[in-house]
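Keep in mind that this is a model prediction, so the values were computed, not measured.
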Amino acid sequence: MTISEKAAYIRGLAEGLELDPSQKEVKVLNAMLDLLGDMAVSVTEMEDDLQRLEGQLDEVDEDLGSLEEEVYGGECGCGCDCDDEDDEDEDEDPFEGEECYYEVTCPNCNETICLSEDMICDGQMDCPNCGMLLEFDIDECDDEDDGEDCGCGCGCGHDHKHEEE
């Protein structure tokens, strides 16, 4: 039995009681039955919408699968060498030549901003959403860094001195 059928059944039971519609209790009961009927209709409509969206999502998933097949050449995605294609490009970085981007969340408006490495290396910028000054401190941007290891074993790549204990 669907939710609409159950609501109609309850309404039929209430009508079968042949209650006096002028009584206050019966007016409340009838208002609740009307609300129950409206809710049943809304839930049924939402279920129908959900089924339609599920169908559309399945179609999008199929389209995405076809697109992945076309773009990635039919690889299974598990990382194994089960495809018979040429593996000569295996050691190449797929993002080589593409600019690196960072996601930064503004502490004022909590909006996520995508920034290029050059923008980060500038050290600061105004949030495009709220205008708050955002400051960045990233080691890769330091011009003073000569790239030599400090010899302390920390592997940081900076030329700095550590205090002796």
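The shortest distance between side-chain heavy atoms of E62 and S66 does not fall below 4.5 Å. Side-chain contact between P107 and M132 is present, with heavy atoms from C-beta onward closer than 4.5 Å. In this structure, F136 and M125 have side chains that are in contact, with non-hydrogen atoms separated by less than 4.5 Å. With a 4.5 Å cut-off on side-chain heavy atoms, I10 and L33 count as touching.
Minimum heavy-atom separation, A40 to A7: CB-CB, 4.1 Å. Closest heavy-atom contact between I113 and P128: CD1-CD, 3.7 Å. Shown here for C130 and C106, the closest heavy-atom pair between the two residues is SG-SG, 3.7 Å.
A distance of 8.5 Å separates OH in Y72 from CG in L67, rounded to the nearest 0.5 Å. The line from CD of E111 to SG of C127 is 7.5 Å long, rounded to the nearest 0.5 Å. The distance from the CD atom of E135 to the CD1 atom of I120 is 12.5 Å, given to the nearest 0.5 Å. Atom CG in N30 sits 8.0 Å away from atom CG in L19 (nearest 0.5 Å). If you take NZ on K6 and CG on L36, they are separated by 11.0 Å, rounding to the nearest 0.5 Å. In this structure, the separation between CG on N129 and CG on N108 is 10.0 Å, given to the nearest 0.5 Å.
The hydrophobic clustering, which links ILVMFWY residues whose side-chain heavy atoms are closer than 4.5 Å, places Y9 and I3 apart. With hydrophobic clusters built from ILVMFWY side chains whose heavy atoms lie under 4.5 angstrom apart, V43 does not share a cluster with V41.
Connectivity analysis of hydrophobic side chains (ILVMFWY, heavy atoms under 4.5 Å, direct or indirect) links L35 to M39.
Contacts classified as side chain to side chain donor-acceptor pair (under 3.5 Å) and involving residues 14-27 (residues at least two apart or in different chains) are given here: D20-S22.
A 6.0 Å sphere centred on CD of E103 holds no more than 12 heavy atoms belonging to other residues, nucleotides or ligands.
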Mind listing the side-chain donor-acceptor pairs of residues 46-54 below 3.5 Å, one per line with the distance, residues two or more places apart or on another chain?
from: D49; atom 1: OD1; to: R52; atom 2: NH1; distance (Å): 3.1
from: D49; atom 1: OD1; to: R52; atom 2: NH2; distance (Å): 3.2

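Exactly one residue among V104, D122, L134 makes a side chain to side chain contact (heavy atoms under 4.5 Å, CB included) with L115. That residue is V104.
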